[in-house]
Amino acid sequence: MDTYDADGITLERVGEYVWEIPQEGEMNAPARVLASEALLDEISDDMTLEQLKNSTHLPGVTKHAICMPDGHQGYGFPVGGVAGIDAENGCISPGAVGFDINCGVRMMTTNLTYADIEGHEEELVESLFANIPSGLGGGGVVESGVDTVEAILERGMDWALEEGYAVEDDIAHCEDEGRRPDADPGVVSQKAKDRGKNQIGSLGSGNHFLEVQRVTDVFREDVADAYGLTEDQIVVLIHCGSRGLGHQVCTEYTREVEQAHPGLLDQLPDKELAAAPAGSQLADDYYGAMCAAINYAWVNRQLIMHRTREVFERVFDRSWEDMEMDLLYDVAHNIAKKEVHEVGVGPEGRPAGDDAAVDGEERELYVHRKGATRAFPAGHPEVPSAYRDVGQPVIIPGSMGAGSYVLRGGEASLETTFGSTAHGAGRTMSRTQAKNEFWGEDVQDELEEQKVYVKAQSGATVAEEAPGVYKDVDEVVRVSDELGIGDTVARTFPVCNIKG
DNA sequence: ATGTAC
């Protein structure tokens, strides 16, 4: 049998791009890595595979824990990890959702072409940077009191609609229509709400950005038509999350879960995977708080998009409606959701890993997607009606030098990955390492030679996000496409980029 | 990711 020997872990090849860590010892299921050998090489000597294997110790893990093609090590659980955990007898783990709850990305289309923008790049990037709050700390499009935060936590995009920051079409084109009904602002701490009240509509820092892009390639014409994408068109990509509020929620619940459920913690090889048993008060409270933070992040991206429409109106002296600045789609990257999937069931009638399964059954799972995108195929009832026939849009930001992709949820995603695919290129070096390798101004100058205009609060952020710190996004989406979990639709290349 | 940290 074809095997791959990583540092201390041997994987068995079970498909052209599917590698398995077989179930053994305390593992509750096998683990799988979806990657080419080139992508596997990138994660063979860090903690990614060990973290993936560790996650199969979580009680109630079904089928297999999965690492997407862009996976890399994270806090406890890989970024790019997906785990479907029984929502009745299993558990929920804040570390397997991530600190930046509903970090995600949205793409807005326009009827402008690259020719309309050429010559205006610097004016546009300056105006976007001046008008869209970014960087660490406070400052948002809306700065308000805790009662506003509570309304946002409760109602998500519905709040944005009520307040005139969104139109109906924006809501229809968000995952879950921009509102998680299980959100419970009552279990979000005062401290988290205080952190959130002056960051509503702000990019933040790190890998978060807003980018004006042009569509360079269309690969699936029929799907691109349904998404309203054409070659040379200008689109806007917004990547950010729930800022300090989501971070605070994750920090507090991780600590609470560790303290309240030491028995479960003892079963786990890594404290960072701390989980609350399904059915416990804490599992319900965390779920309610996480859903509330999810709603906050959707509003955050909406307000940034709203402000972007205003900036384009001033720069091009046309209304945003006239420029047809419509939301293509908004997807979450860091999320756990109750979803029903078909899974194997063991002899005791409980969901089991593939090896122990004797039967198949529909079960409600906490699907943890951490640095992974939902990618539902054509025909799925949760795909918005405008895209139902072609599949859910998936937006994959690459890097400032390589560009980004639009995919559509593939036919094999439900069976292979609980309906998920990759979420980006994936880092290949740490932020610290990046700052030693690159100098922000040099990176900026090189990009400008390619007619990419970057403006950031700090040069360090540009160095941390240099194109060279990312894996080959082409290879990531190629593997996704080959696996049939997310099919490539179009490719974009940056024109203007603003970041913290 | 994040008012980079018990």
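Convention: sequence-line order gives letters A, B, ...; per-chain numbering from 1. None of the values given here were measured: they were computed from a predicted structure.
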Rounded off to whole Å, could you give me the [atom1]-to-[atom2] distance for the [X] and [N] pair?
X         : N      : atom1 : atom2 : result
Tyr253(A) : dT2(B) : OH    : P     : 21 Å
Tyr75(A)  : dT4(B) : OH    : P     : 17 Å
Phe99(A)  : dT2(B) : CZ    : C1'   : 9 Å
Arg255(A) : dC6(B) : CZ    : C1'   : 10 Å
Glu252(A) : dC6(B) : CD    : C1'   : 16 Å
His208(A) : dT4(B) : NE2   : P     : 15 Å
Leu203(A) : dT2(B) : CG    : C1'   : 15 Å
Asp194(A) : dT2(B) : CG    : C1'   : 16 Å

Using distance only, find each side-chain donor-acceptor pair of residues 96-105 of chain A under 3.5 Å and give its atom names and separation, not counting sequence neighbours.
residue, atom, partner, partner atom, Å
Asp100(A), OD1, Ser242(A), N, 2.9
Asp100(A), OD1, Ser242(A), OG, 3.4
Asp100(A), OD2, His208(A), NE2, 3.3
Asn102(A), OD1, Arg301(A), NH2, 2.8
Asn102(A), ND2, Ile294(A), O, 2.9

Indicate, with a heavy-atom threshold strictly under 4.0 Å, whether [X] touches base, sugar-phosphate, or nothing.
X         : answer
Lys370(A) : nothing
Gly206(A) : sugar-phosphate
Ser242(A) : nothing
Gln199(A) : sugar-phosphate

The side-chain hydrogen bond (donor to acceptor under 3.5 Å, both in side chains) partners of Lys471(A) (sequence neighbours excluded) come to none
Exercise. According to the interplanar angle, ranging from 0 to 90°, do the rings of Phe376(A) and His380(A) count as parallel (below 30°), tilted (30 to 60°) or perpendicular (above 60°)?
Worked result: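 Because their plane-to-plane angle is under 30°, the rings of Phe376(A) and His380(A) count as parallel.
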Does NZ or CZ of Arg106(A) fall inside the cone over Tyr329(A)'s six-membered ring, less than 6.0 Å from its centre and within 45° of the axis?
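Not satisfied by the 6.0 Å and 45° rule.
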